[in-house]
Amino acid sequence: MRKKASNVLLCLMPLLGATLFFAGCKKEQPQTQPPAPQSKPAVKPSLPIQKQATSAKAAGIAAQSLDFSKKKDPFKPFIVVETAPQQKAKPAIVSRPGDLLPIQNYDVNKFRVSGIIVGLRENSALIIDPTGRGYVVKVGMLIGNNNGRISRIRPSSLEVVEQYRDDKGRTKKNTIVLPLSKKK
């Protein structure tokens, strides 16, 4: 008989567990009332916004202790380099012969253009001075004893612009074209 009772209990236990499980999962839904008819929302009067007290006043710190006008600015450099106001760029006029480059010791007409390289980033030219020394020059370089500046390098010539002042103080420009030397 004992076996019969244990078999019955074994069969009823899962049934009892399933019943309790499903009975506990039921959600009771509260009774809801139908929504009230829509009416205009009540306008609440706006209250004035109160300004927030600063943390300095809230902590009781006096405003006089926050004056930094007499303090040193930590972001300013120690050494201040004063620069003169920049004027229009004028060509450099070299006064002493010791400051001149070797290419500036001769007249522009005495130079001979031996070769020109065209097609790279910048055109460049090989010029030879009266003593036989060669120089590779580019646009913007100084040449000659009259402060000449190379203005353009073409495949067959080199242009030099010399600036000078006449008797009345006016600036004059003189363009000199040096052709490429012919092969012998």
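Atoms considered below: every heavy atom in the structure, side chains included; atoms not considered: hydrogens, waters and symmetry mates. Just so it is clear, the model here is predicted, and its values are computed rather than measured.
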Any link between [X] and [Y] through a network of hydrophobic side chains (Ile, Leu, Val, Met, Phe, Trp, Tyr) touching at under 4.5 Å?
X	Y	result
Val139	Ile143	yes
Ile128	Ile116	no
Val137	Tyr106	yes
Ile103	Ile153	yes

Taking every non-hydrogen atom, the tightest pair across Val161 and Ser151: CG2-OG, 3.6 Å
Side chain [X], main chain [Y], donor-acceptor under 3.5 Å:
X	Y	answer
Asp166	Gly169	yes
Arg149	Met141	no
Ser181	Val113	yes

With a 4.5 Å limit on heavy-atom distance, are the side chains of [X] and [Y] in contact?
X	Y	result
Leu178	Phe111	yes
Ile127	Leu158	yes
Leu142	Leu101	no
Thr175	Val160	no
Tyr164	Asn174	yes

Should Asn109 and Ile176 be marked as a side chain to side chain contact (heavy atoms under 4.5 Å, CB included) after you check the CA-CA gap, both sets of side-chain angles, and the distance that decides it? CA-CA 8 Å; Asn109 292 326; Ile176 301 169; 3.3 Å; yes
Under 4.0 Å between a Lys/Arg side-chain N and an Asp/Glu carboxylate O for Glu162 and Lys173? no
Stepwise, does the salt bridge (Lys or Arg N to Asp or Glu O under 4.0 Å) test hold for Asp129 with Arg133? CA-CA 6 Å; Asp129 67 3; Arg133 294 182 68 186; 5.2 Å; no
Could you walk me through whether Lys172 and Gln163 pass side chain to side chain contact (heavy atoms under 4.5 Å, CB included), step by step? CA-CA 6 Å; Lys172 297 277 186 164; Gln163 290 184 351; over 6 Å; no
Atom CG in Leu180, atom CZ in Arg112: separation rounded to 0.5 Å?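 Separation between the atoms: 10.5 Å.
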